[in-house]
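Remember, it's 1-based here, ligands and their atoms both numbered in the order they're listed.
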Amino acid sequence: MNDTRKIMFLDLVTPHVQLEEELVEMFRTSLRTASFVGGPMVEGFEREFANFCEAKYCIGVSSGTDAVRFALMAAGVRVGDSVVTVPHTFIATTEAISQAGAVPEFVDIDEQTYTMDPEKLRYFLERDCTLDVATGRPVSRRTGRTVSAVVPVHIYGHTADMDAINEVAKKYKLAVIEDACQAHGAQYFSQREKTWKKAGSLGGAAAFSFYPGKNLGACGEAGAVTTNDEKMAQTIRMLRDHGQAKKYYHSIEGYNGRLDAIQAGILRTKLAHLADWNAKRREAASRYREIFGAGSEEITVPYEAPWAQAVYHLYVIRTKNRDQLRSYLAEMGIDTGIHYPIPLHLQEAYKDLGYGNGDFPVTESIAKEIISLPMFPTLDAEQQCRVASEVMNFVSMAVV
Ligand SMILES: *Cc1c(COP(=O)(O)O)cnc(C)c1O
């Protein structure tokens with residue numbers, strides 16, 4: 001295989017080389033002013049990211065995992081509660097639930113969007129929970145725990161059906177925390193409000209990750225919470241900073257979960273390009289779609305609901321001979337990924353939750369068939385043609 005023909009899964013070098021001078025200048029400012037944690041760089045980024053998400057407040061934190069955890073805690077999730085999410089997500093979603101002191105419970109995803117199926121959330125609350133008469137809150141029959149929040153995940157950059165989820169959540173008094181860690185800039189058409197809205201403004205609060213490979217990535221670890229709720233914003237600011245609103249006056253015990261000033265500066269520089277990068281990802285997705293067509297018997301292309309504008313953090317297709325396709329593409333010099341091969345309810349870490357094979361059939365069946373193809377803003381048409389034609393080559397060989 002000729003190495004120059006290698007197609008990367010993700011190109012993290014080009015955007016940083018393009019912005020190198022600006023980034024180095026920002027770093028120099030940090031060194032000369034000794035601003036490393038908090039301060040004007042962090043506040044500036046928070047303002048700009050809140051604007052970008054069309055949310056009132058943004059609180060920079062140290063990771064997406066901390067963002068989910070602090071949002072849950074600030075939303076009133078108590079130790080011993082149950083929090084509902086999907087088994088088709090990165091484990092950070094459920095780690096954050098556990099770290100907030102709660103226990104994750106799952107409902108299955110929708111077969112087309114791969115996000116939480118609002119009907120399954122409804123069934124879970126109607127059939128698998130009883131209502132506590134004193135509090136009016138649902139109690140899970142499986143665990144005997146009070147269900148206090150739901151975490152829909154905007155997986156691959158496609159939002160969950162938030163109107164429907166918010167409606168069910170309201171009826172059952174659940175806090176709604178968006179896991180928007182893969183969905184910076186994704187949009188959702190709210191039928192209820194008759195308007196397009198940004199991920200990060202669709203629930204009680206939203207968690208973002210700026211891990212380097214995300215649509216907006218730091219040069220290290222970083223995250224943020226967005227919310228329109230002032231009280232929640234205040235609590236999260238305390239949680240991230242040892243429970244203090246005023247230096248050395250600790251109203252609660254908090255965490256060391258702040259955002260670095262240097263990372264904030266990097267994010268600020270890169271945020272100015274995010275809308276453009278997302279548009280390029282959408283263009284790349286439509287080029288893949290043109291080549292693959294509407295899909296075929298053998299290949300299912302990503303679905304974009306009429307109420308969603310996805311930002312294609314990942315471009316995921318489904319096919320029966322996934323593992324062989326992946327090895328074939330590797331031989332052809334094309335890098336791919338699987339997000340994610342083992343559903344969370346079947347992970348060893350969660351064997352004590354007591355779930356088993358067959359509990360979430362949609363998640364389980366797609367986990368065997370999904371493969372993530374190269375996707376990043378500077379991916380070009382020629383590279384995409386090669387990826388798609390090798391996929392189709394393989395599929396036609398496999399059929400023979
Ligand atoms: C990346 C990611 C997270 C966690 O973010 P970190 O910054 O790595 O802690 C949480 N949820 C989802 C869906 C993610 O993709």
Test side chain to side chain donor-acceptor pair (under 3.5 Å) applied to S148 and T146, step by step: CA-CA 6 Å; S148 56; T146 301; over 6 Å; no

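- For ligand 1, none of its N or O atoms has an N or O atom of V153 under 3.5 Å away.
- The distance from ligand 1 to the heavy atoms of A92 drops below 4.0 Å at these ligand atoms: 3 (C), 4 (C), 10 (C).
- R28 and E25 are joined by a salt bridge, as a carboxylate oxygen and a charged side-chain nitrogen come within less than 4.0 angstrom of each other.
- Every atom of ligand 1 is numbered from 1 in the order shown, and the set under 4.0 Å from a heavy atom of T89 is 13 (C).
- Contact atoms of ligand 1 toward S63: 7 (O), 9 (O) (distance under 4.0 Å to a heavy atom of the residue).
- Under 4.0 angstrom from ligand 1, the non-hydrogen atoms of D179 all belong to its side chain.
- In terms of protein heavy-atom proximity, atom 7 (O) of ligand 1 is closest to S209 OG, 2.6 Å.
- Using a 4.0 Å cut-off to heavy atoms of C181, the atoms of ligand 1 that qualify are 2 (C), 3 (C), 10 (C), 11 (N), 12 (C), 14 (C).
- Listed by number with element, the atoms of ligand 1 under 4.0 angstrom from any heavy atom of T65 are 4 (C), 5 (O), 6 (P), 9 (O).
- More than 12 non-hydrogen atoms from other residues, nucleotides or ligands lie less than 6.0 angstrom from CZ of F36.
- The number of heavy atoms from other shown groups lying within 6.0 Å of CZ (F52) is above 12.
- Applying the 4.0 Å criterion to heavy atoms of G64 picks out, from ligand 1, the atoms 5 (O), 6 (P), 7 (O), 9 (O).
- More than 12 heavy atoms of other residues, nucleotides or ligands sit less than 6.0 Å from atom CZ of F9.
- Here ring pair (Phe, Tyr, Trp, His ring centres under 6.0 Å) pairs that include residues 62-89, with residues two or more places apart or in two chains, are F70-Y255, H88-Y156.
- For ligand 1, the atoms sitting less than 4.0 Å from at least one non-hydrogen atom of T93 are 11 (N), numbered in the order shown with element in parentheses.
- For K173, there are no salt bridge (Lys or Arg N to Asp or Glu O under 4.0 Å) partners at least two apart in sequence or on another chain.
- Linking ILVMFWY residues whenever their side-chain heavy atoms come closer than 4.5 Å, directly or via other members, places I165 and F124 in the same cluster.
- Contact annotation: K214 has at least one heavy atom less than 4.0 Å from an atom of ligand 1.
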